[in-house]
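Worth saying up front: this structure is predicted, and the values here are computed from it rather than measured. Proteins come first, then strands; the chains are lettered A, B, ... in the order of their sequence lines, and each starts at number 1.
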Amino acid sequence: MPKDFIREIIARDIEKGVYDRPITTRFPPEPNGFLHIGHAKSIALNFGVAEEFNGVCHLRFDDTNPTTEDMLYVESIQRDIRWLGYDWGEHLYFASDYYERLYQFAETLIQQGLAYVDSASEEEIRAMRGTVTEPGQESPYRNRSVAENLDLFRRMRAGEFEDGTHVLRAKIDMSSPNMLLRDPILYRIKHAHHFRTGDAWCIYPMYDFAHPLSDGIERITHSICTLEFENNRAIYNWLVDHLIPPPQPRQYEFARLEVDYTITSKRKLLQLVTEGHVSGWDDPRMPTLSALRRRGVTPEAVRTFVTRVGVAKTNSRVEIELFEHTIRDDLNYRSPRVMAVLNPLKVIITNYPAGQVEELEASYWPRDIDKEGTRPVPFSREIFIERDDFSLDPPKGFKRLAPGRSVRLRHGYVITCDEAVRDPDTGEVTELRCSYLPDSLGARPRGVKVWAAIHWVDAARSLPAEVRLYDRLFTSPTPDAPEEGKTFLDYLNPDSLKVIATARVEPSVAANPADMRYQFERLGYFIQDSEDSRPDALVFNRIISLRDSWRKKKKQPSAPKQPSRSQPKSTPRAEEPNADRIASEARRQARAANPDLQAAYRKLQETLGLSQREADLITGDIRQVRFFHQAVEVYPHGKSLANWFLNQLLGLAKGRPLSELPITGAAFGKLVKLVDEGVISRNQGKKVLAELVQQGGDPEAIIQTRGMSQISDADALTAVIRQTIADNPDKVAAYRGGKTGLLGFFMGQVMRATGGKANPQMVKKLLEEALSA
RNA sequence: UGGGGAAUAGUUUAAUCGGCAGAACGGCUGACUCUGGAUCAGCUAGUUGGGGUUCGAAUCCCUGUUCCCCAGCCA
């Protein structure tokens, strides 16, 4: 199981027994568009996590906006999820099913004085919301009585008001630095027809209201969404903590999947369709799941891809090569090989009897794939080969057919090119005259250099087919970040679709099911187009080409791809002190306002020998100073105390003020003293400190109950070191071979063996001696 | 500019207590080959900058920088 931060959180919650129910997740699409590859990641995460932890995953349609949603999308979304291989069982839900309960929640909020009806206009509300730097102002309607709010809200529901005349808002904080907490709108009036509830409602809940409460209704445990909802978590918790009994669902955010050379914006996808840049939502060049399905990509490949990408919180953009590799890897094992020629060049086998036809038995699978099965391939005097596989004047490195050269016809004979017939006017090669070696079938001919094996089809017996070659839809890896003055449409790849009308396919495919995926040898993976292919007019989609190191080599002179998207490594220094010096500035002001602090600031420097910086960091807060002074009384070594204080204690405190922690200044001073005296090692000291921060107490007592001490006896340490060296001969060899980074490994081993009691300075010295011996 | 997030090879991502920076994709060699595919072997390349603590820092402390999200009655 791939471990990511979400799964770690869930595992920890299970261990701690946080939830009284199985792990419950949900995939919550809004039914207003088609699912794309980015959704696949979310689906795989939510359904995958539920499966792994023996939980359940709900499918919930977040249909709270009647003007954009449609049943058509509900159906396509379900089809796509099923195609991916996931099943929500009986857990199919709609936010619209909860409208009545959500409404009751809203009334509860009103009754608790936590929500009010605002009758300001949209523009007024916007203006009063403030900006990111300025606080908002409270609406004049904010302090309406509960009774008035209830009455108004009920009349909103009853349809007494026009759109936009009233909204229901949560009463939170108009000056919150989080814009979303400035009295978020909970309900708006929309006299619109909903595709499921019809005209039953004319007020509709907002996402920020409906989502957390729907999660609560369904008893979701982990509500996983994408990064842009991080700010919404505050409202989520506010609502759930007020209205849902514990243990409440909690929201976690991960980075959405972005892929090079594609877009996933619903609006832009729609634009591609409506403006006819593609043939539809399922045009095989689209990133939608329906397009991927039509193109022939398997659901397994999609799942493998999205899992390999991983789950993290970094905004990222995956190279499309990883997806392509995953598709090939998946298809390689599952696709039988057949032959097809895209751009035919006729070859006459001059020494093969006219009218004779031979059925060659050809394996569907290459040697390295452990599968069996063959099909007959007809061979006669006239065949087609790929035009690219012949060169009149072969360039260096060309390994295929050329005048005078011999190649093997895959699964067939070795042929030699005797003559290239050319059009007298254009000079174009129109036909090849070759001779075959009758005893070369399944055998290596002697005395003939065979340059390669090439694919071919019988001229008369092969089937005509149309083949569609797809390439990336865009020429830029980031079409959604266009240069100044351009749009994503400017990056449309004019060659993203190439239709080859002249292709020929070996006849065996006619007998196979139409949805079978093949590898056309040396060309790529193909499948019949589910919309346009017919038995008498075959149409194949290229799912993905094969890797082609020959083509890559030909393009060699072009610079190796290196368009680094990361920022330049070294950025010009901005030495101006105008930068955010907030924290240090705040400390300075605190000292200016409080003479005690100012005195301490000087004293720490003058009598205890701290640097200005250290003194500054400690003296921003009077309680902190008191704590430090208590420590100094026990152990007047200021420098040591400051190091421990700043580098260890503040880390452990994780931003909490010291006065809220059970640790006392005296205990802290005592601990530092014990470490400095060598009674315990630094690492042990850190463990003790952690415990003090957690539970308080006396350092000496902790040391005693933990049985801590420090081993500084050279003989004892040498014995441990000798054992460690004996146990790790390979590491020792590597160390002596120059991998000196392994010293840390040995240190770790010795520390572990001694339960952390070894004196590290001594161990280091002894280890170095022992290892260099 | 307030708040909320994130920075590890070209890309995506690992790293138990502070103890070997590991993998995949890509790129480059080579081996093998009746697919210029696959496979195999090898190489390449990294902790956002600067300071500090420590025997030892991706990890702890300080201080910079860059990027993303938020001012819809969308989700």
Query - For Tyr73(A), ring pair (Phe, Tyr, Trp, His ring centres under 6.0 Å) partners two or more places apart - result: Phe34(A)

Query raised in the report: Arg308(A) near the nucleic acid: base, sugar-phosphate alone, or nothing, with a heavy-atom cut-off under 4.0 Å?
Result: sugar-phosphate

Requested in this report: Classify the nucleic acid contact of Asn232(A) as base, sugar-phosphate or nothing, counting any heavy atom under 4.0 Å across all strands shown.
Outcome: base

Query raised in the report: Rounded to whole angstrom units, what separation is found between the OH atom of Tyr73(A) and the C1' atom of A75(B)?
Result: 15 Å

Query raised in the report: Is any N or O donor-acceptor pair between the side chain of Lys731(A) and the base of C20(B) shorter than 3.5 Å?
Result: yes

Requested in this report: Give the rounded distance in Å between these two atoms: CD of Gln624(A) and P of C61(B).
Outcome: 14 Å

Query raised in the report: Quantified in whole Å, what is the C1' atom distance between nucleotide U29(B) and nucleotide U47(B)?
Result: 28 Å

Requested in this report: Let me know the distance between OH of Tyr207(A) and P of C70(B), rounded to the nearest Å.
Outcome: 13 Å

Requested in this report: Take atom C1' in C61(B) and the same atom in A45(B), then report the distance between them in whole Å.
Outcome: 31 Å

Report summary line: note: Leu650(A), atom CG; U63(B), atom P; distance rounded to Å ~ 11 Å

Requested in this report: Pick the C1' atom in G26(B) and in U63(B), then give their distance to the nearest Å.
Outcome: 36 Å

Query raised in the report: Quick one: ring pair (Phe, Tyr, Trp, His ring centres under 6.0 Å) partners of Phe323(A), sequence neighbours excluded?
Result: Phe305(A)

Query raised in the report: How is Leu227(A) classified with respect to the nucleic acid when contacts are heavy atoms under 4.0 Å: base, sugar-phosphate, or nothing?
Result: nothing

Query - Arg706(A): partners by side chain to side chain donor-acceptor pair (under 3.5 Å), with sequence neighbours left out - result: Glu691(A)

Report task. Could you state the atom-to-atom distance from CZ of Arg7(A) to C1' of U13(B) in whole Å? Result -> 14 Å

Query raised in the report: Does atom CG of Asp730(A) have more than 12 heavy-atom neighbours from other groups under 6.0 Å away?
Result: yes

Query raised in the report: Can you check whether Thr326(A) has a side-chain N or O nearer than 4.0 Å to OP1 or OP2 of C25(B)?
Result: no

Query raised in the report: When rounded to the nearest Å, what value does the distance between C1' atoms of C69(B) and G30(B) take?
Result: 48 Å

Query - Side-chain donor/acceptor contact of Asn178(A) with base of G2(B) under 3.5 Å - result: no

Query - Test applied, side chain to side chain contact (heavy atoms under 4.5 Å, CB included); reference residue, Glu30(A); option that passes from Thr68(A), Asp63(A), Ile77(A) - result: Thr68(A)

Query raised in the report: Given the P atoms of U66(B) and A75(B), what is the spacing between them in whole Å?
Result: 35 Å

Requested in this report: Select base, sugar-phosphate, or nothing to describe what Tyr187(A) touches, counting heavy atoms under 4.0 Å on all strands.
Outcome: nothing

Requested in this report: Return the value, rounded to whole Å, for the distance between atom CZ of Arg233(A) and atom C1' of A6(B).
Outcome: 13 Å

Requested in this report: Could you check whether Gly756(A) gets within reach of a base, just the sugar-phosphate, or nothing at all, counting any heavy atom under 4.0 Å?
Outcome: nothing

Report task. Describe the nucleic acid contact of Val311(A) in one word from base, sugar-phosphate, nothing, applying a heavy-atom distance below 4.0 Å. Result -> sugar-phosphate

**Report entry** With sequence neighbours excluded, residues passing ring pair (Phe, Tyr, Trp, His ring centres under 6.0 Å) with Tyr116(A)
**Finding:** none

Report task. Answer yes or no: does a side-chain N or O of Arg522(A) lie under 4.0 Å from OP1 or OP2 of U33(B)? Result -> no

Report summary line: The nucleotide from G5(B), G26(B), G36(B) with an atom nearest the side chain of Lys313(A) is G5(B)

Query raised in the report: Counting just side-chain N and O atoms, does Thr133(A) come under 4.0 Å of either OP1 or OP2 of G3(B)?
Result: no

Query raised in the report: Is a salt bridge present between Arg60(A) and Asp215(A), judged by a nitrogen-to-oxygen distance below 4.0 Å?
Result: yes

Query raised in the report: Is the Phe153(A) to Tyr187(A) ring centre distance short of 6.0 Å?
Result: yes

Query raised in the report: Heavy atoms under 4.0 Å, any strand shown: does Ala642(A) hit a base, just sugar-phosphate, or nothing?
Result: nothing

Query raised in the report: Below 4.0 angstrom, N of the basic side chain to O of the carboxylate: do Lys3(A) and Glu8(A) qualify?
Result: no

Requested in this report: Please work out if Val167(A) contacts a base, only the sugar-phosphate, or nothing of the nucleic acid, heavy-atom cut-off 4.0 Å.
Outcome: base

Query raised in the report: Checking all strands, does Ile185(A) fall into the base, sugar-phosphate, or nothing category for heavy-atom contacts under 4.0 angstrom?
Result: base

Query raised in the report: On a plain distance test, is the side chain of Glu253(A) in donor-acceptor contact with the base of G5(B) below 3.5 Å?
Result: no

With 3.5 Å as the limit, what N/O pairs link the protein to nucleotides 56-59 of chain B?
unit_1 : atom_1 : unit_2    : atom_2 : d
G56(B) : O6     : Asn683(A) : OD1    : 3.0

Query - N-glycosidic conformation, G72(B) - syn within 90 degrees of 0, else anti - result: syn

Requested in this report: Provide the Watson-Crick or G-U wobble partner of U39(B), both distances under 3.5 Å; none if there is no partner.
Outcome: A31(B)

**Report entry** Inter- and intrachain pairs under salt bridge (charged side-chain N to carboxylate O under 4.0 Å, His left out), touching residues 749-760 of chain A, at least two apart
**Finding:** none

Query raised in the report: For Arg12(A) and U16(B), is the shortest distance between a side-chain N/O and OP1 or OP2 below 4.0 Å?
Result: no

Query - N or O in side chain of His325(A) less than 4.0 angstrom from C25(B) OP1/OP2 - result: yes

**Report entry** Nearest-neighbour nucleotide for the Leu617(A) side chain, C62(B), U35(B), G10(B) considered
**Finding:** C62(B)

Query raised in the report: So, is Arg551(A) near the phosphate of G36(B), with a side-chain N or O under 4.0 Å from OP1 or OP2?
Result: no

Query raised in the report: Under 4.0 angstrom, heavy atoms only, what part of the nucleic acid is Gly741(A) near: base, sugar-phosphate, or nothing?
Result: sugar-phosphate

Query raised in the report: Syn or anti for C62(B), taking syn as within 90° of 0?
Result: anti

**Report entry** Ring geometry between Phe379(A) and Trp456(A) (parallel below 30°, tilted from 30 to 60°, perpendicular above 60°)
**Finding:** perpendicular

**Report entry** U13(B) - base-pair partner by Watson-Crick or wobble geometry, distances under 3.5 Å
**Finding:** G22(B)

Query raised in the report: Are Arg522(A) and Asp389(A) within salt-bridge range, i.e. N to O under 4.0 Å?
Result: yes

Query raised in the report: Roughly how many Å is it from CG in Asn315(A) to P in A6(B), rounded to a whole number?
Result: 11 Å

Report summary line: Judged by nearest nucleotide, the residue sitting upstream toward the 5' end of RNA chain B, Arg613(A) or Lys399(A), is Lys399(A)

Requested in this report: Pick base, sugar-phosphate or nothing for Asn65(A), based on heavy-atom distances below 4.0 Å to the nucleic acid.
Outcome: sugar-phosphate

Report task. Assess whether one donor atom and one acceptor atom, taken from the side chain of Arg400(A) and the base of G36(B), lie less than 3.5 Å apart. Result -> yes

Requested in this report: Would you mind reading off the distance between Tyr261(A) atom OH and U11(B) atom P, rounded to a whole angstrom?
Outcome: 13 Å

Query raised in the report: At under 4.0 Å between heavy atoms, what does Glu122(A) touch on the DNA or RNA strands: base, sugar-phosphate, or nothing?
Result: base

Query raised in the report: Is the phosphate of G5(B), meaning OP1 or OP2, less than 4.0 Å from a side-chain N or O of Arg256(A)?
Result: no

Query raised in the report: What is the nucleic acid contact for Arg337(A), judged by heavy atoms within less than 4.0 Å: base, sugar-phosphate only, or nothing?
Result: base

Report task. Would you kindly compare Asn332(A) and Glu123(A) by the position of their nearest RNA chain B nucleotide and give the one closer to the 5′ end? Result -> Asn332(A)

Query raised in the report: NA contact type, Phe398(A), heavy-atom cut-off 4.0 Å: base, sugar-phosphate, or nothing?
Result: base

Requested in this report: Determine which nucleotide pairs with A6(B), using a 3.5 Å limit on both distances of a Watson-Crick or G-U wobble pair.
Outcome: U66(B)

